[in-house]
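For reference, the structure is listed below as structure tokens.
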Amino acid sequence: AHDRAVMGVVFSPDGRLIASVSADQSVLLWDVATGSVLRSFQGHARSVDDVAFSPEDHLDQGSAYIFQRDQGGLNAWGLLKQLIVSDGAAGDCFGRSATTVGGIILIGAPCAAAGQGAAYLFIRNQNGINAWGLGEKLTANSSLEPGSFGNAVALDVTIADNYIAVVGANLDNTSIL
């Protein structure tokens with residue numbers, strides 16, 4: 001249970017779960033049938049005032065979480081942002097791989113598009129300070145067989161601030177060059 005005032009409550013799209021948020025800086029996920037707490041998300045920097053579930057068609061698509069040092073206290077690693085993609089679908093495996101360089105994060109979704117896969121570039125100040133907005137979606141040649149594009153990702157930056165993204169496709173053995 002929460003230690004302080006409950007600031008919001010919402011049912012999941014399927015009605016099986018309830019999420020509650022509180023001034024105690026936590027989010028609780030409840031099982032409606034049993035009334036028990038399934039998960040507790042602690043460590044937010046301040047009171048959590050609102051909560052929402054992703055639409056039904058985004059359940060199980062995956063997500064990535066950005067934590068930052070000194071978020072919620074000196075030397076504390078607190079949640080800064082949860083990343084999801086608007087075009088995601090159930091089973092996309094978004095978040096299976098991730099890497100960061102400077103103000104860019106590259107996240108793989110190797111199960112997207114029937115296993116063909118995708119990778120997403122998020123930029124720190126896209127759409128606002130520390131907003132981590134989507135910069136670009138990377139995909140393989142659409143004529144390829146499913147190859148888990150996005151199963152592994154890497155970023156590098158050259159001296160001239162040119163970024164290089166490498167996206168692995170471990171099941172692909174076709175040549176496009």
Taking every non-hydrogen atom, the tightest pair across [X] and [Y]:
| X | Y | result |
| --- | --- | --- |
| Ala5 | Ser22 | O-OG, 2.9 Å |
| Ser47 | Ala23 | OG-CA, 3.2 Å |
| Leu106 | Ala165 | CD2-CB, 3.9 Å |
| Leu138 | Phe149 | O-CE2, 3.5 Å |
| Gln82 | Tyr65 | NE2-OH, 3.3 Å |

Requested in this report: Quick one: list whatever passes salt bridge (charged side-chain N to carboxylate O under 4.0 Å, His left out) with Arg16, sequence neighbours left out.
Outcome: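 Salt bridge (charged side-chain N to carboxylate O under 4.0 Å, His left out) check on Arg16 returns Asp14.
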By salt bridge (charged side-chain N to carboxylate O under 4.0 Å, His left out) - contacts of Lys137 (at least two apart):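 Only Asp87 meet the salt bridge (charged side-chain N to carboxylate O under 4.0 Å, His left out) criterion with Lys137.
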Heavy-atom side-chain contact between [X] and [Y] under 4.5 Å:
| X | Y | answer |
| --- | --- | --- |
| Met7 | Val48 | no |
| Asp156 | Tyr163 | no |
| Ile164 | Val157 | no |
| Val153 | Ile107 | no |
| Thr139 | Gln116 | no |

Mark yes or no for whether [X], through its side chain, and [Y], through its backbone, hold a donor-acceptor pair below 3.5 Å.
| X | Y | result |
| --- | --- | --- |
| Asn151 | Ser148 | no |
| Ser12 | Leu17 | yes |
| Ser97 | Gly150 | yes |

Open item on the list: Who clusters with Phe11? Use side-chain heavy atoms, under 4.5 angstrom, across I, L, V, M, F, W and Y, and order the result by chain and number.
Closed with: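 Phe11 shares its hydrophobic cluster with Val6, Val9, Ile18, Leu28, Trp30, Val32, Val37.
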Shared ILVMFWY cluster between Val167 and Leu121, side chains joined below 4.5 angstrom?
->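 They do share one cluster, since a chain of ILVMFWY contacts under 4.5 Å joins Val167 to Leu121.
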In this structure, would Ile104 and Val166 fall into the same cluster of hydrophobic residues linked by side-chain contacts under 4.5 Å?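 No, because Ile104 and Val166 fall into different hydrophobic clusters, even though each may have its own neighbours under 4.5 Å.
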Could you grab the distance from atom [atom1] of [X] to atom [atom2] of [Y], nearest 0.5 Å is fine?
| X | Y | atom1 | atom2 | answer |
| --- | --- | --- | --- | --- |
| Gln25 | Arg4 | CD | CZ | 7.5 Å |
| Leu38 | Ser40 | CG | OG | 11.0 Å |
| Ile105 | Ile66 | CD1 | CD1 | 3.5 Å |
| Ser36 | Asp31 | OG | CG | 5.0 Å |

| Verdict with reasoning, Asn75 to Asp70, per side chain to side chain contact (heavy atoms under 4.5 Å, CB included) | CA-CA 5 Å; Asn75 292 322; Asp70 297 332; 4.0 Å; yes
Original post:
What residues form a ring pair (Phe, Tyr, Trp, His ring centres under 6.0 Å) with Tyr120, not counting sequence neighbours?
Top reply: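 Checked Tyr120 against ring pair (Phe, Tyr, Trp, His ring centres under 6.0 Å); matches are Phe94.
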If the condition is side-chain hydrogen bond (donor to acceptor under 3.5 Å, both in side chains), which residues does Ser26 pass it with, not counting sequence neighbours?
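Here the qualifying residues are His2, Asp24.
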*Would you check, one step at a time, whether the test side chain to side chain contact (heavy atoms under 4.5 Å, CB included) holds for Cys93 with Gln61?*
CA-CA 6 Å; Cys93 305; Gln61 77 174 26; over 6 Å; no
Quick one: side chains of residues 123-134, donor-acceptor pairs under 3.5 Å with protein atoms, not counting sequence neighbours, listed by atom name and distance.
{"residue": "Arg124", "atom": "NH1", "partner": "Asn130", "partner atom": "OD1", "Å": "3.3"}
{"residue": "Asn125", "atom": "OD1", "partner": "Asn130", "partner atom": "N", "Å": "2.9"}

For the pair Val21 and Val10, evaluate side chain to side chain contact (heavy atoms under 4.5 Å, CB included) and give the outcome as yes or no after the intermediate values.
CA-CA 9 Å; Val21 294; Val10 66; over 6 Å; no
